[in-house]
Amino acid sequence: MADKQHLYLVDGSAYIFRAYHRLPPLTDPEGTPVGAVYGYTTMLWKLAEDLDKAEGPTHLAVILDKSSHSFRNDIYPEYKANRPPPPEDLVPQFPLIRDATRAFSLECIEEEGLEADDLIASYARAAAAKGWDVTIVSSDKDLMQLIDSGSDSSGRIDMLDTMKNQRISIPEVEEKFGVAPDLVGDVLALMGDSVDNIPGIFGVGPKTATKLIQEHGNLTAALDAAADMKKSKLKERLLEHREDAEMSRILVTLKEDCDLPVPLEDFALDGVPSEPLADFLHKHGFTSLLRRLDAGTGSPDRANDLNPAKAETAGAAASAKGNSQPLPDMPAVDRTSYECVQTRDALDRWIEKCLAARVIAVDTETSALDAMQADLVGISLATGPNEACYIPLQHGGSDMFDEKPEQIALDEALAALRPLLASDAVLKIGQNIKYDLNVLARYDVEVAPIDDTMIISFALDAGRGESGIGGGHGMDELSSRHLGHQPLSFKEVCGTGKKQIPFGEVPLDRATEYAAEDADVTWRLHKHLKPRLSIEGGTTIYERVDRPLVPVVAMMERNGIKVDRTQLARLSEEFATEMGKLEKQIHEDAGQEFTIGSPKQLGDILFDKLGYKGGRKGKSGQYSTDQAVLEKLAGEGAEIANKVLEWRQLSKLKSTYTDALQAAINPKTGRVHTSYSLVGAQTGRLSSTDPNLQNIPIRTAIGRQIREAFVAEPGNVLLAADYSQIELRLAAHMADVPSLKEAFEQGEDIHNRTAREMYGEVNRDTRAQAKTINFAILYGISRWGLAGRLGVEADEAQAMIDRYFERFPGIQRYIAETLETVRERGYSETLFGRKTWFPRINSKNQAERQGSERAAINAPIQGTSADIIKRAMARMMPALHDAGLDKVRMLLQVHDELVFELPEGDVDKAKPVIEKIMAEAARPAVQLDVPLGIEIGTGTSWDEAH
DNA sequence: GATGTCACG
DNA sequence: GACGTACGTGACATCA
């Protein structure tokens, strides 16, 4: 195994000037000039591509000039004095060069008082002395002095001009200067350099300089020989300007013994993350590179393209198999290892440490659960296992007399943390980081780029865990499952019930253990889970769909939506009055008072006391009194059933909507801010909580009044855009059903089409039945289920199913194939590759198995629909921005609908943009056989917008 | 905390 | 021969 080390030293400063002049004046989406950055990035890219080649680097660093002043100015004040200031549009690119470098996970070296050339010389010599080969990426002729063929004990040094794609070693130097590298300095001293303002000997150019050195052997000899020369202009000049030449010799001499600010070993190219790269490329609009990044990934992770982290990949493969095992290479969690950061010095140290680490976990501690109201209490950071800290910011009770613990002032700490948290070069990992994004956004702190262990877990394991809050992707569960470690629980730290205290009142030592542990565990989970994405095929859905969505959904949550409190209050009163009347009548009909809202009591009244027919149901032995049962009773003339139904509707609307929504209005913003879960639904759909804004009534007139209370600010309107019949369209595509596809292509009403195919004629009844069947198909049909819905016998329902399969060939095949693959692999997949696991698909329990089968038939369709609208959401704001529509706000998502708020005057311009983004959201990843129909409406209320 | 019910796509 | 009957959610009231 060849373990020859090969160090590449990139002369970044020289490169950027050349790139600037060679490339067109590009700007990024934000208008920042990035032409030189682009050139620089491309150059790094090319180097990265050579990683595995024989001549490729094992170590790499970029060297930059820190300031224009160096020790050479002390010798000769005019040094580089005639150099014009850098062009105005190059200046802002310098910091981006550093970002680009870090995005590639490369070291970036610069030192005050030293020029890049000196650092390069020192590093090159140091590496060569250790026997490493060195390649200097530059075309600077000064650096050619360093070129060396190497020996048994020392490595060789050569140069690479990436613009000309030319290697420079001794023959090339000899061709250019006519002398060996160690005499290049002497030639340069004679000829001078107008760019650096090195005088040399006036009137002596490269030709003469070379000739003199060749003839006399070195500079001193050449100068000494001048006295004996025959009279000439040259002799005069050599004598007259001898001192200039001698000083020039010093100026062109590279300082080869600088202290090395970063040890050579740190330049090793291994185990580096590449996520920041994609974000950097994206942010600056380097789409062609981004495409290449993606093209190179396919299934393998992009990290493999950019670094030779083979060890890491192999380890990940092992851990993916036994994913309940703790990682062998991580030390056990040690809560005593955490640091409580209470001084500015300590904070600065941690910030440096994070910048160096490039992959950090971040967690915020707050005073409450609601990200829109919670106060920031502290921040924890982790850079590795047991490398974590907690930064208390607002600890100490609200009581003025309490002594507050020592902590850095909030403003000061946030100002120090802002650049780190916003740096392209540092990946910020969170567990449900959307929460932290929203809390920090309220303190004007931006966090990007990000990764989220909860969402990575979801991309890998949706459907595998127990259902419940977090869906099996909560931190405690992930930690137990993957790390074999149980972190401190919030309860253990803050207590529970009445004794619960706010986090800000937890003593700092305890708070540090809890908070830093969360960051530590998050960091470890990321290390464990992230590599599984590429191995198990989750990269595409995570990188292309879910991860980009996090900041978008966070923004939607912060936007919130205005609700008219007066309108809701009025409805609450109306509903209460009506319920009171109904209650009285129901009690009269029952002949006694009872709690209508208690299904148990109601069942007893209806079926025992009043003697209506209706069986028991469920294990509880309780009568069912649901809508279907009550409607049946009402059909048989039971007036009380109708009244209960009406009462229930009002009760539901009042408690769940008109009362609850008023309480949900945020006092600071005056709006209602829901919280979306990106891991709530196994199919990939979002879910909405606190309050749920995805189930606001629409189906009944009385319920729609609640929608009227969702309004736009004055001068604005709400715009609702929804996908029409998206799941049926997807079914038509995925099952490849010719007549359904044709109907959608021709814009035909799909239920009419189904009715025509099934019954030969279209009327109200046949259309309604067709609609039911269409949905039944999407949901995984059974003869009994369909029979129950249509009110026919199971035999008849089966005949209809058979007819459906006959008229729409493809459906039956789709169902069979889907089930076959799910049984075999254990999971279903959407068109975009999202997996949903069905662990009970082969269960011996028939009910369980059949339930899984129905879900498995539905999941690819529902999930693909979710993928599509998510893609639309991720693209929406940039598209609106490009159209100059910065006042359009995206507020809500309701599975196949997006709700916006925008100035009335922007409607005409915004409509086509929104329509286009939604209609084309599947492309280019997937080319659907059916068009995606979009319906758009506007109005001052959500009801009107439909 | 479980159960039943019902709001949405 | 029994099972239990359409997919995916979240919130609320009641009751143990």
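Proteins come first, then strands; the chains are lettered A, B, ... in the order of their sequence lines, and each starts at number 1.
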Spacing between [X] atom [atom1] and [N] atom [atom2], to the nearest angstrom:
{"X": "A/Leu728", "N": "B/dG9", "atom1": "CG", "atom2": "C1'", "value": "13 Å"}
{"X": "A/Leu819", "N": "C/dC7", "atom1": "CG", "atom2": "C1'", "value": "14 Å"}
{"X": "A/Leu778", "N": "B/dG9", "atom1": "CG", "atom2": "P", "value": "15 Å"}
{"X": "A/Tyr779", "N": "C/dC7", "atom1": "OH", "atom2": "P", "value": "10 Å"}
{"X": "A/Ile706", "N": "B/dA7", "atom1": "CD1", "atom2": "C1'", "value": "9 Å"}
{"X": "A/Leu606", "N": "B/dG4", "atom1": "CG", "atom2": "P", "value": "16 Å"}
{"X": "A/Leu653", "N": "B/dC6", "atom1": "CG", "atom2": "C1'", "value": "10 Å"}

Checking [Y] against [X]: is there a side-chain donor and acceptor pair closer than 3.5 Å?
{"X": "A/Gln798", "Y": "A/Glu793", "result": "no"}
{"X": "A/Asp736", "Y": "A/Tyr814", "result": "no"}
{"X": "A/Arg823", "Y": "A/Asn842", "result": "no"}
{"X": "A/Arg767", "Y": "A/Asn752", "result": "yes"}
{"X": "A/Asp589", "Y": "A/Gln585", "result": "no"}

For this session: Name every residue in residues 578-587 of chain A that has at least one heavy atom under 4.0 Å from any atom of DNA chain B, in order of residue number, or write none if there are no such residues.
Result: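 Heavy-atom cutoff 4.0 Å gives no residues at all.
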
Considering only [options], which nucleotide approaches the side chain of [X] most closely?
{"X": "A/Ser782", "options": "C/dT5, B/dC6, C/dG8", "value": "C/dT5"}
{"X": "A/Arg789", "options": "C/dC3, B/dC8, C/dA6", "value": "C/dA6"}
{"X": "A/Asp896", "options": "C/dG8, B/dG9, C/dT5", "value": "B/dG9"}
{"X": "A/Ala776", "options": "B/dC6, C/dA6, C/dG8", "value": "C/dA6"}

For this session: Establish whether the base of B/dC6 is bridged to the side chain of A/Gln627 by a donor-acceptor pair shorter than 3.5 Å.
Result: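 Answer is no: no donor-acceptor pair is held.
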
Exercise. If you find the nucleotide of DNA chain C closest to A/Gln862 and the one closest to A/Ala847, which residue's nucleotide is nearer the 5' end?
Worked result: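 On the 5' side of the pair lies A/Ala847.
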
Is a donor on one side and an acceptor on the other found under 3.5 Å between the side chain of [X] and the backbone of [Y]?
{"X": "A/Arg729", "Y": "A/Pro931", "value": "yes"}
{"X": "A/Thr656", "Y": "A/Lys652", "value": "yes"}
{"X": "A/His473", "Y": "A/Leu478", "value": "no"}
{"X": "A/Gln431", "Y": "A/Met454", "value": "yes"}

For this session: Could you check which nucleotide pairs with B/dG9 in any of the strands shown, counting Watson-Crick or G-U wobble with both distances under 3.5 Å?
Result: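 Here B/dG9 is engaged in a pair, and the nucleotide opposite it is C/dC7.
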
Exercise. Would you call the rings of A/Trp942 and A/Phe710 parallel, tilted or perpendicular, where under 30° means parallel and over 60° means perpendicular?
Worked result: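 Plane angle over 60°, so perpendicular.
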
If I pick the [atom1] atom on [M] and the same atom on [N], what distance separates them, to the nearest angstrom?
{"N": "B/dA7", "M": "C/dC3", "atom1": "P", "value": "30 Å"}
{"N": "C/dG4", "M": "B/dC8", "atom1": "P", "value": "28 Å"}
{"N": "B/dT3", "M": "C/dT5", "atom1": "P", "value": "15 Å"}

Problem set entry | Contact letters for nucleotides 9-16 of chain C, in which S counts primed atoms plus P, OP1 and OP2 and B counts the base, heavy atoms under 4.0 Å | SBBSSSS-

Within the 4.0 Å heavy-atom criterion, would you say [X] contacts the bases, only the backbone, or no part of the nucleic acid?
{"X": "A/Arg854", "value": "sugar-phosphate"}
{"X": "A/Thr772", "value": "base"}
{"X": "A/Leu786", "value": "nothing"}

For this session: Considering just the side-chain nitrogens and oxygens of A/Ser624, establish if one lies under 4.0 Å of OP1 or OP2 belonging to B/dT5.
Result: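 Indeed, a polar side-chain atom of A/Ser624 lies that close.
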
Problem set entry | Salt bridge A/Arg704-A/Glu708, side-chain N to carboxylate O under 4.0 Å |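 Looking at A/Arg704 and A/Glu708, the cut-off is not met.
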
